Amino acid sequence: QIYLRSNYSHIYCNGVEHFVSICYNYINRIFSADQRRLTMKIDLHCHTKSIKKGDGSGRNVSLALFQQKVMDADVKIVAITNHNSFDLEQFEKFQKGVKDFCLVWPGVEIDILQSGSHRWHLIVVANPDNVEQFAKRCDLLFQGKDLETCTVTIQEVYHSLNNCDV
């Protein structure tokens with residue numbers, strides 16, 4: 001069994017089958033057959049940095065706190081999805097810090113503007129094998145924008161991140 005936790009109903013990928021296939025292939029490559037028989041907790045929505053004013057300082061997570069939270073929750077895969085930002089340096093530090101008991105996947109929570117004034121959040125999770133490309137594409141997507149107030153369209157997300165195996 002695999003449990004997925006997310007607070008949002010908008011999960012972007014190239015179709016659910018594609019996302020499930022990526023997860024399945026990655027899990028089969030990383031975990032042994034015995035490990036795959038166990039129940040696995042997966043968290044696809046984890047904040048580690050305060051980006052927006054309303055985020056609060058509690059979102060600025062140290063490596064030690066990240067390690068402790070992941071161990072306490074017994075999560076085997078976690079996606080770091082900060083608002084409108086992807087920090088490759090922090091991602092790599094946290095990934096190395098939990099490598100013995102958890103996989104960390106790159107992601108971002110994006111403020112989307114749709115149909116004039118309708119805003120919503122979109123969680124994008126990328127294949128960890130493409131983390132460098134994902135980081136560069138996120139940097140370009142948010143370059144020169146105020147991360148507090150910026151919004152992008154779903155079309156901009158698609159054109160920016162589609163080649164990152166999201």
Side-chain angles (χ1 to χ4, degrees), residues 2-30 40-56 58-61 66 69-70 73 75-95 102-166:
I2 296 176
Y3 294 101
L4 300 176
R5 180 190 81 82
S6 180
N7 295 335
Y8 295 91
S9 60
H10 302 288
I11 297 179
Y12 170 76
C13 60
N14 291 326
V16 173
E17 297 84 10
H18 179 72
F19 182 74
V20 171
S21 174
I22 290 169
C23 291
Y24 180 79
N25 291 334
Y26 197 82
I27 289 167
N28 279 337
R29 193 179 66 199
I30 301 299
M40 180 185 298
K41 294 180 187 175
I42 298 174
D43 186 345
L44 297 177
H45 184 199
C46 175
H47 294 283
T48 58
K49 293 183 93 171
S50 178
I51 303 293
K52 296 177 151 191
K53 290 177 188 168
D55 286 347
R59 286 207 178 157
N60 290 321
V61 177
F66 184 75
K69 293 288 188 182
V70 168
V75 172
K76 299 302 179 201
I77 299 174
V78 61
I80 296 177
T81 56
N82 293 312
H83 285 278
N84 301 329
S85 177
F86 180 74
D87 183 337
L88 181 60
E89 184 178 326
Q90 184 197 54
F91 171 84
E92 290 174 338
K93 177 181 173 183
F94 282 24
Q95 186 180 46
C102 180
L103 296 175
V104 181
W105 287 2
V108 63
E109 181 173 351
I110 302 172
D111 288 295
I112 301 292
L113 182 62
Q114 180 181 5
S115 303
S117 63
H118 182 71
R119 290 178 62 147
W120 49 280
H121 290 165
L122 175 71
I123 303 289
V124 178
V125 178
N127 184 329
D129 292 338
N130 299 331
V131 67
E132 289 86 8
Q133 180 185 17
F134 181 73
K136 289 176 188 174
R137 297 290 184 107
C138 284
D139 287 347
L140 289 173
L141 182 62
F142 300 112
Q143 186 176 24
K145 295 182 178 161
D146 178 358
L147 301 180
E148 173 73 27
T149 60
C150 78
T151 58
V152 295
T153 66
I154 195 71
Q155 292 81 11
E156 289 174 293
V157 173
Y158 179 81
H159 291 296
S160 296
L161 302 177
N162 187 47
N163 294 330
C164 298
D165 206 6
V166 296

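On a predicted model such as this, the values are computed, not experimentally measured, just so you know.
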Quick one, [X] and [Y] - any side-chain contact, counting heavy atoms below 4.5 Å?
| X | Y | answer |
| --- | --- | --- |
| V104 | F66 | yes |
| I112 | V157 | yes |
| V78 | C102 | yes |
| L141 | I110 | yes |
| C138 | S85 | no |

Any sub-3.5 Å donor-acceptor pair from [X]'s side-chain atoms to [Y]'s backbone N or O?
| X | Y | value |
| --- | --- | --- |
| K49 | N82 | no |
| R137 | S160 | yes |
| Q133 | N130 | no |

Rounded to the nearest 0.5 Å, what separation is found between the [atom1] atom of [X] and the [atom2] atom of [Y]?
| X | Y | atom1 | atom2 | result |
| --- | --- | --- | --- | --- |
| T48 | Q90 | OG1 | CD | 3.5 Å |
| H45 | I80 | NE2 | CD1 | 12.0 Å |
| T81 | D43 | OG1 | CG | 7.5 Å |
| R119 | D111 | CZ | CG | 5.0 Å |
| I123 | L44 | CD1 | CG | 8.5 Å |
| W120 | L113 | CH2 | CG | 10.5 Å |

*Specify the closest pair of heavy atoms between C150 and K145, including all atoms of both residues, with the distance to one decimal.*
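Nearest pair, atom of C150 first, then K145: CB-CB, 3.8 Å.
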*Closest approach of F134 and P106, non-hydrogen atoms and distance?*
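Of all heavy-atom pairs spanning F134 and P106, the closest is CD2-CB, 3.8 Å.
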*asked:* Between V70 and F94, does the side chain to side chain contact (heavy atoms under 4.5 Å, CB included) criterion hold? Intermediate values first, please.
replied: CA-CA 11 Å; V70 168; F94 282 24; over 6 Å; no
*Once the angle between the rings of F86 and F91 is folded into 0 to 90°, is it parallel (under 30°), tilted (30 to 60°) or perpendicular (over 60°)?*
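Answer is tilted, since the angle falls between 30° and 60°.
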_Which residues pass the side chain to side chain donor-acceptor pair (under 3.5 Å) test with E148, not counting sequence neighbours?_
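E148 satisfies side chain to side chain donor-acceptor pair (under 3.5 Å) with no residue once adjacent residues are dropped.
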